Amino acid sequence: MNSPNTTDVVFLLSNWYSGATLFALILNESPDLICNGETFPFGLVGEKEYTCSCGNILSECGFYTSVAAGMKDGDGGWEKDIFRTLPRFSKSNYINRILNGFLMFPRFRDQVIRSNPVWRKKMKEFVERHEEFMRRSTTYSAKSIYVDGTKNIRRAEILSQYGNYNSKVIHLVRDARGFCNSWSKNRGVDLITGLQAAIKCWNDYRNDSIRRLPNHSGEAR
């Protein structure tokens, strides 16, 4: 049995064009699982506010108004450093890309974050607020397991490493031929011309997800 402060979380990892949206909808029909799909918009600054699947913008959606209440700023808007898929360590997008990417060795990157008081504080706050979001999501929906469908490997890595979770991973892998065909169609690239790039995209995501997450629990095909 979990302690009251522990959340059961499943990270759904999947490359583009692999059926993750449909799979998330199916998972959400389970009486035990809540799956919000992408969950957080990639950006709000200078953009029209994201619309929830219920048809309302997030600030008027009953679910987000209740569950994400702790992600609001002092003016009632979404807190831009928190209400996002990954933590925002700096105003510099270059620094954020480094700390949220794979450009540095993982242990060195983590040591750099821990050694910087500002970045360490931002990481702690981000993880705590998102842990609260997931816990409130399961309570709101009367379900026991939260499925993070953002498909972001770095997010799963951060929350698994720093959060207080019982976590598992579902790795949804579409067959390479179907993926390459969808990749070329969606990008308007001739399959023969773009085949090498499509194969690289398929391989890179699969290998990164397996390598980065130690509790990788198998693949669903």
Side-chain angles (χ1 to χ4, degrees), residues 1-42 50-58 61-71 83-86 126-127 129-176 178-179 182-183 186 201-202 205-221:
M1 180 178 295
N2 296 342
S3 71
N5 295 321
T6 305
T7 305
D8 285 330
V9 178
V10 176
F11 295 103
L12 172 59
L13 299 182
S14 172
N15 211 331
W16 302 305
Y17 322 126
S18 297
T21 300
L22 176 59
F23 190 46
L25 291 172
I26 294 173
L27 289 177
N28 198 51
E29 292 300 312
S30 166
D32 299 318
L33 308 174
I34 176 170
C35 184
N36 300 75
E38 296 289 352
T39 309
F40 301 101
F42 293 109
Y50 191 80
T51 302
C52 178
S53 58
C54 71
N56 296 315
I57 59 175
L58 298 188
C61 167
F63 174 83
Y64 279 96
T65 301
S66 174
V67 173
M71 295 181 173
F83 192 73
R84 55 194 303 118
T85 305
L86 294 170
F126 178 87
V127 171
R129 303 272 279 280
H130 280 255
E131 184 176 28
E132 178 187 8
F133 174 87
M134 291 187 285
R135 187 164 54 246
R136 291 169 65 103
S137 294
T138 55
T139 301
Y140 182 93
S141 59
K143 296 186 177 184
S144 57
I145 301 172
Y146 183 87
V147 181
D148 186 297
T150 57
K151 301 179 291 186
N152 190 291
I153 299 172
R154 177 58 176 154
R155 175 178 171 81
E157 184 182 42
I158 287 173
L159 295 181
S160 295
Q161 181 178 356
Y162 294 95
N164 183 29
Y165 308 103
N166 292 321
S167 62
K168 296 289 184 181
V169 174
I170 296 176
H171 190 187
L172 181 66
V173 182
R174 186 178 181 184
D175 71 280
F179 173 84
S182 293
W183 187 95
N186 281 277
C201 181
W202 188 90
Y205 188 96
R206 180 180 184 277
N207 293 335
D208 278 343
S209 62
I210 294 173
R211 184 174 66 251
R212 295 288 174 179
L213 297 173
N215 64 343
H216 186 276
S217 56
E219 298 176 349
R221 296 174 179 270

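This is a predicted model, so every value here is computed, not measured. Side-chain atoms are counted along with the backbone in the values below, which use heavy atoms only and exclude waters and symmetry mates. The chain is numbered in sequence order, starting from 1.
Between Phe11 and Ser160, the shortest heavy-atom distance links the atoms CE1-OG, 3.2 Å. Heavy atoms only, all atoms of each residue included: Leu172 and Ser18 are closest at CD2-O, 3.6 Å. Scanning both residues, Ala156 and Leu13, for their nearest heavy atoms gives CB-CD2, 4.3 Å. The minimum heavy-atom distance between Val67 and Ser137, with the atom names listed, is CG1-OG, 3.1 Å. Listed here is the closest heavy atom pair of Thr65 and Cys61: OG1-O, 2.6 Å. Here the closest non-hydrogen pair linking Tyr205 and Lys151 is OH-O, 2.6 Å.
When side chains are defined from C-beta on, Trp16 does not count as touching Asn186, because their heavy atoms never get closer than 4.5 Å.
Note that OG1 of Thr85 is 6.0 Å distant from CG of Asn152, once rounded to the nearest 0.5 Å. Between the CH2 atom in Trp202 and the CG atom in Asp175 there is a gap of 8.5 Å [rounded to 0.5 Å]. To the nearest 0.5 angstrom, Thr150 atom OG1 is 8.0 Å from Leu86 atom CG.
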For this session: Report the C-alpha separation of Phe126 and Arg155 in whole Å, then their side-chain angles, then the decisive distance to 0.1 Å, and conclude whether the side chain to side chain contact (heavy atoms under 4.5 Å, CB included) test is met.
Result: CA-CA 11 Å; Phe126 178 87; Arg155 175 178 171 81; 3.8 Å; yes
For this session: Tell me, with the steps shown, if Asp148 and His130 meet side chain to side chain contact (heavy atoms under 4.5 Å, CB included).
Result: CA-CA 11 Å; Asp148 186 297; His130 280 255; over 6 Å; no
For this session: Mind running side chain to side chain contact (heavy atoms under 4.5 Å, CB included) on Cys201 and Asn15 for me, showing each step along the way?
Result: CA-CA 8 Å; Cys201 181; Asn15 211 331; 3.8 Å; yes
For this session: Could you check Glu132 against Met71 for side chain to side chain contact (heavy atoms under 4.5 Å, CB included), going step by step and ending with a plain yes or no?
Result: CA-CA 10 Å; Glu132 178 187 8; Met71 295 181 173; over 6 Å; no
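Between the side chain of Arg129 and the backbone N or O of Gly70 there is at least one donor-acceptor pair closer than 3.5 Å. Under the 3.5 Å distance criterion, the side-chain polar atoms of Arg174 are matched with a main-chain donor or acceptor of Tyr17. Remark: side-chain polar atoms of Ser66 are not paired, donor with acceptor, to backbone N or O of Tyr64 under 3.5 angstrom. Using a distance-only test at 3.5 Å, with no hydrogens or angles considered, no donor-acceptor pair links the side chain of Lys143 to the main chain of Cys35. Ser30 contributes a side-chain N or O that, together with a main-chain N or O of Asp32, makes up a donor-acceptor pair within less than 3.5 Å.
Salt bridge present: Glu157 and Arg154 bring a charged side-chain N and a carboxylate O closer than 4.0 Å.
Screening Ile145, Leu22, Leu33, Ile34 for a side-chain contact (heavy atoms from CB on, under 4.5 Å) with Leu27, the sole residue that qualifies is Leu33.
Note: Phe63 and Phe133 have perpendicular aromatic rings, judged against thresholds of 30 and 60 degrees for the angle between ring planes.
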